[in-house]
Structures are given as structure tokens and as C-alpha cells.
Amino acid sequence: MSGGRPNLVLVPVEADLQVMGMLADRRDELGRARTETINRLMLELLPGGAKKFLSAPQARALIATVKPRDIVGSCWPPAAPP
């Protein structure tokens with residue numbers, strides 16, 4: 001198993017490290033899913049989409065230029081209660 005190196009020592013995998021690795025992988029998956037969702041939204045809202053790498057203020061400014069297309073869009077977001 002050691003590939004011709006008999007002096008190698010097998011190191012046991014610690015459960016804590018496995019859990020941390022799983023959490024890091026999940027965080028990466030969630031980040032990718034969020035980015036994909038935002039990209040789809042930008043493609044739907046903006047003709048031609050938007051550039052690939054936007055900062056939050058740039059994305060906010062682009063979204064602010066979108067005009068509602070129907071009655072639901074013109075009523076959103078709902079007014080704050082008194």
C-alpha cells in the first residue's frame with residue numbers, strides 16, 4: 001500500500017478534520033449556487049445580462065435601473081406598515 005516505501009507511517013484521519021472539510025465543501029457549494037442564482041437573475045432582469053464580476057454596490061446600482069414590467073412589480077416591495 002505504501003508504494004515501495006516501507007518506512008511510511010499511516011496517519012489516522014481525525015473526525016474533526018473530516019467535519020471541517022465537509023463544512024468547507026458545503027460553504028463552497030453554497031457560494032457557487034448563490035452566484036449562479038444571481039447570474040440567472042441578472043440575465044432575466046437586464047437585457048444582455050451584466051459583466052461577470054460585480055461588486056455589491058455595482059449590482060445594487062444595476063438592479064436599481066430595472067423598471068417594473070407588470071402590476072406586481074410596480075407594487076413591490078410592499079409599503080412598510082404604519
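The CG atom of Leu23 sits 11.0 Å away from atom CG of Asp28, with the distance rounded to the nearest 0.5 Å. Taking CZ of Arg27 as the start and CE of Met22 as the end, the distance is 14.5 Å to the nearest 0.5 Å. Distance CG/Leu41 to CD/Glu44: 7.0 Å, rounded to 0.5 Å. With values rounded to the nearest 0.5 angstrom, Leu30 atom CG is found 11.0 Å from Asp25 atom CG.
Between Leu46 and Thr65, some side-chain heavy-atom pair lies under the 4.5 Å cut-off.
More than 12 heavy atoms of other residues, nucleotides or ligands lie within 6.0 Å of CD in Gln18, so this atom counts as buried by the packing criterion.
With sequence neighbours excluded, the residues that form a side-chain hydrogen bond (donor to acceptor under 3.5 Å, both in side chains) with Arg26 are Glu29.
Note on Ile38: it clusters hydrophobically with Val66, by side-chain heavy-atom contacts below 4.5 Å among ILVMFWY residues.
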